[in-house]
Amino acid sequence: MSEINWQKSSYSTQGDGNSCIELASIGPDAIALRESDDPGTVMTTTPAKLRPLLHAIKAGEFDHLAR
């Protein structure tokens with residue numbers, strides 16, 4: 001298996017780098033997600049399933065959970 005090229009979220013802080021979500025394309029219809037402070041735990045999904053989650057996050061639908 002080739003090396004996975006992780007991309008940090010543009011919303012991540014510029015600090016120590018341990019407070020962000022990272023994404024990687026791992027196939028034609030597969031995306032891997034991990035939290036940078038726990039890189040050994042990886043979740044996989046598809047672009048079609050990830051898209052509505054990202055839209056909801058950007059719309060602030062989960063902001064109440066961070067309070």
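Note that this is a predicted model, so its numbers are computed, not measured.
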For residues [X] and [Y], report the shortest heavy-atom separation together with the two atoms involved.
X: Lys49; Y: Pro52; result: O-CD, 3.4 Å
X: Trp6; Y: Ala24; result: CE3-CB, 3.6 Å
X: Val42; Y: Arg34; result: CG2-CB, 4.3 Å

Sub-3.5 Å donor-acceptor pair from the side chain of Thr44 to the main-chain atoms of Ala32, do we have one?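 Absent.
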
Sequence neighbours left out, what passes side chain to side chain contact (heavy atoms under 4.5 Å, CB included) with [X]? Give chain and number order.
X: Leu50; result: Leu23, Ile31, Leu33, Thr45, Leu53, Leu54
X: Asp29; result: Thr46, Pro47
X: Ala30; result: Ile26

Test side chain to side chain donor-acceptor pair (under 3.5 Å) applied to Asp63 - qualifying residues, sequence neighbours left out: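 Listed in chain order: nothing, the list is empty.
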
Rounded to the nearest 0.5 Å, how far does SG of Cys20 lie from NZ of Lys8?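 Answer for the NZ-SG pair, Lys8 versus Cys20, is 4.5 Å.
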
